[in-house]
Each structure stands twice: as structure tokens, then as C-alpha cells.
Number of protein chains: 2
Amino acid sequence: MHRKLPHPNLYLREEELRRGIELLYFAYRDFTQDPDKILADTGLGRAHHRVLYFVGRSPGTTVSGLLKLLRITKQSLSRVLGQLVDDGYIEQQAGMTDRRQRLLYLTEKGDAFEKQLFSTQRERVAQAYKTAGPEAVAGFWEVLLNIVNETERETVLRAIEK
Amino acid sequence: MHRKLPHPNLYLREEELRRGIELLYFAYRDFTQDPDKILADTGLGRAHHRVLYFVGRSPGTTVSGLLKLLRITKQSLSRVLGQLVDDGYIEQQAGMTDRRQRLLYLTEKGDAFEKQLFSTQRERVAQAYKTAGPEAVAGFWEVLLNIVNETERETVLRAIEK
DNA sequence: ATATTTAAGTCAGCTTTATTGACATATTAA
DNA sequence: TTAATATGTCAATAAAGCTGACTTAAATAT
């Protein structure tokens, strides 16, 4: 009985890869919980938050821009976006050059709410940046960016396209 | 009309914080897509993957250990775990010291499937580590760990408790 | 000018993954 | 013996996604 052990280097490598996977999972889990708590009191959910976030980040983005960015279907976005418009968080304007487009903007109410949601995550991330230091932050960005699909890294850096 | 501009340092800070938030969102989105593709052909989903992952990572973990780690309800886990047991991916053994406990283990089939799912993420993360370099990886870990709830950092480092 | 494509929206039905609440059983601990 | 714990189960509900089919209005291409 002669069990071949994995090569020490490969073993170490696997451990490091699993550590990254786990940290990504747990950090994501905890980092979404702060806004989720606030959202729970409003009848909105995480999906609404994402739309508020990216419309706030790129005012005037179009419906199809959001669809590509969030990688969800029109029907899924429709419900979420419809509620946000109905509840007065988001305004739509017909595009000037292409009047089929619906350009999306936060209302004042939407902007205030987005800021409130952001502030919870801001605090968490700011604390993490501060504790880890600027070099660690640079590494954090670099690794995350390389985890993103190669074809979409540009888009991510510009936050949103179109 | 005298609009007060935000202080440049705060502005920069906000941009950096938003960049972290966005990278975390997009990296997580893309990093889950590889296993999701495989899972789609099997009738299992992301929830099953998480259970397979952590049982594989900590053989002999208990149901309540998983509940705390994944932070879901017993009823949610029940369905997922039940399917995994029924389909022969996971085996349960009564605890030796406490016979109420169900200790969880991957079967050979479960182990093989977990390896297959892991391999897709392994490739993505390994490429990111390689491109970014070891110092960046250290920063990546450190920032992510500090984003995790303080009370659970120990647990995360040990991958799973109990 | 007409035909095609595009941007957006809608209706209907389904799936996955989570929730709350109530209760049951076996086992351990006080 | 009683109380607490670990697990399991029934039932109903919600959030957020999906596919497929179709409509309307506007822009583009032929």
C-alpha cells in the first residue's frame, strides 16, 4: 500500500486557491448584509440596490446598458426597474439622439437612498482599506480585476458602458 | 450660485471605495459562473455547490456547523442536503460522542464532482494570482479578510468550525 | 419608400433559493 | 425526571432570476 502524496508545492497551491475562494465567498456574504438590512424595511431587495447603484454611478445609462452590465434578462430588470420608477427613485428620459432609448437617472429621493445604502458598505470597506494599507488595497484590486472575465475588464474599470 | 465641491481627498476616497465595491461585485459574478454552467446540466444549483465545497473542505462537519457557516435556515439546508444525500454525493454518519449529530462526508462521487467544480474556479483564480503576483495576493487576502465580519474572521481562517 | 433591425416593454408561467412558523423525535445534560 | 439540543419535516411565502412569445416605436438599410 503505497499512497502517492500530492507534491508539496501543488498542495500549497491548492490551499492558497481555496483560501481565495473562501475569502471571496465570505467577504461577499458579509458585505451585502449591511444594505440588505436597510432594504428589508423598504420592500426593495438586493436587485433594486444594484440598479440604484449603477444608475447612480453612471447617470444617463440606458436599459440595455444595465442589462449587459448586470447580465440579467429584460424581463427580470423590468420588474425591478418598474418598481424603482413607480416609487420615485429613478426617472426615465427619452434619449436625444435616439428617442427609443430610456436614459436612467436617480431622482433626489433615489440619490439619497443610494447614499444611505452606500454608506454602510463604505464604512466596512474603508475600515478594511485602512487596516490593510494602500499596498494591500492595490493587490486587492489587481487580483479581483484578474478574476473578472478578460473580455469585461475594460467595462468594469469604466464602471459601466454606453 | 456657489456650489461647494467635495473635498478632493474625500472625492478620491469615495472613488476608491466604489472601485472596491464594483470589483467585488464583478469578480464574484464571474467567478460563480464557471461552476454554475456545470451545475446547470445536473439538476443541482449553487446552493448544492456550497454544501459540497464546505463538506469537502471539512469532512465530518455537522449540520449545525454548516448552518452557522452558510448562515441559512435549517429548512433551506434540508432540501439541498437531502438532494445531495439522495443523489449519493454526501454520506451521513451519526456522531460517536453525540449520536444526535449527523457528521457529513463526501462520497467518492461527491468528491469527484467537487473536484470538477473546483477545477473551473481553480483555473480562474490561479491565473489571477499568477498575473498579479504574490504580494498582490497577500493584499487581496488581507483586504477581503478585513471585509468579513470581525466576529467571524477566525472561523473563516479555519474554513469551518465544529 | 419600404423593409429590417433595434430599444424597450409586456404577458404568462416556471425555477431556485431563501424565508417564517409550527411541530416531531431522539438524545444529551441538568 | 425535566429541560435543552440536534436534526428533521410540513406548509406557505417571497425574491430574483429564467424562457418564450409578442407589441410598439424609432432608427437604419436596401
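Scope of the values below: all heavy atoms of this structure, side chains included, with no hydrogens, waters or symmetry mates. Naming: A, B, ... by sequence-line order, numbering from 1 per chain.
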- request: Spell out protein contact along nucleotides 19-30 of chain D as letters: B when the base is contacted, S when just the sugar-phosphate is, - when no protein heavy atom is under 4.0 Å; keep the 5' to 3' order.
  value: BBB----BS---

Would you call the rings of [X] and [Y] parallel, tilted or perpendicular, taking 30° and 60° as the class edges?
X: B:Y129; Y: B:F140; result: perpendicular
X: A:Y89; Y: A:F113; result: tilted
X: A:Y53; Y: A:H49; result: perpendicular

field: Within 45° cone and under 6.0 Å: B:R124 NZ/CZ vs B:F31 ring
entry: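 No, a cation-pi geometry is absent between B:R124 and B:F31.
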
- request: Enter the inter-axis angle for the ends of the helix from C:dA1-D:dT30 to C:dA30-D:dT1 (five pairs per end, rounded to 10°).
  value: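 So the angle between the two local helix axes works out to 30°.
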
query: Checking A:D111 side chain against A:L106 main chain: does a donor-acceptor pair fall under 3.5 Å?
result: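 Between the backbone of A:L106 and the side chain of A:D111 there is no qualifying donor-acceptor contact (under 3.5 Å).
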
message: The test is side chain to side chain contact (heavy atoms under 4.5 Å, CB included); show your working for A:L104 and A:V85 and say whether it passes.
response: CA-CA 10 Å; A:L104 304 173; A:V85 170; 5.7 Å; no

message: Quick test of your reading of the model: are A:R57 and B:E15 salt-bridged, counting only N-O distances below 4.0 Å?
response: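 Counted as a salt bridge, because a side-chain N and a carboxylate O are separated by less than 4.0 Å.
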
query: Starting at CG of B:L103 and ending at C1' of C:dT27, how long is that distance when rounded to a whole Å?
result: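 Whole-Å distance recorded here is 14 Å.
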
message: What is the separation between atom CD on A:Q92 and atom C1' on C:dA8, rounded to the nearest whole Å?
response: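 So the CD-C1' distance, A:Q92 to C:dA8, works out to 9 Å.
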
query: Out of B:L52, B:T107, B:V80, which residue meets the side-chain contact (heavy atoms from CB on, under 4.5 Å) rule with B:I90?
result: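 That would be B:L52; it is the only one of B:L52, B:T107, B:V80 passing the side-chain contact (heavy atoms from CB on, under 4.5 Å) with B:I90.
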
- request: Kindly point out which of D:dG17, D:dT7, C:dA18 is positioned nearest to the side chain of B:Q101?
  value: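 Given the options D:dG17, D:dT7, C:dA18, the side chain of B:Q101 is closest to D:dT7.
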
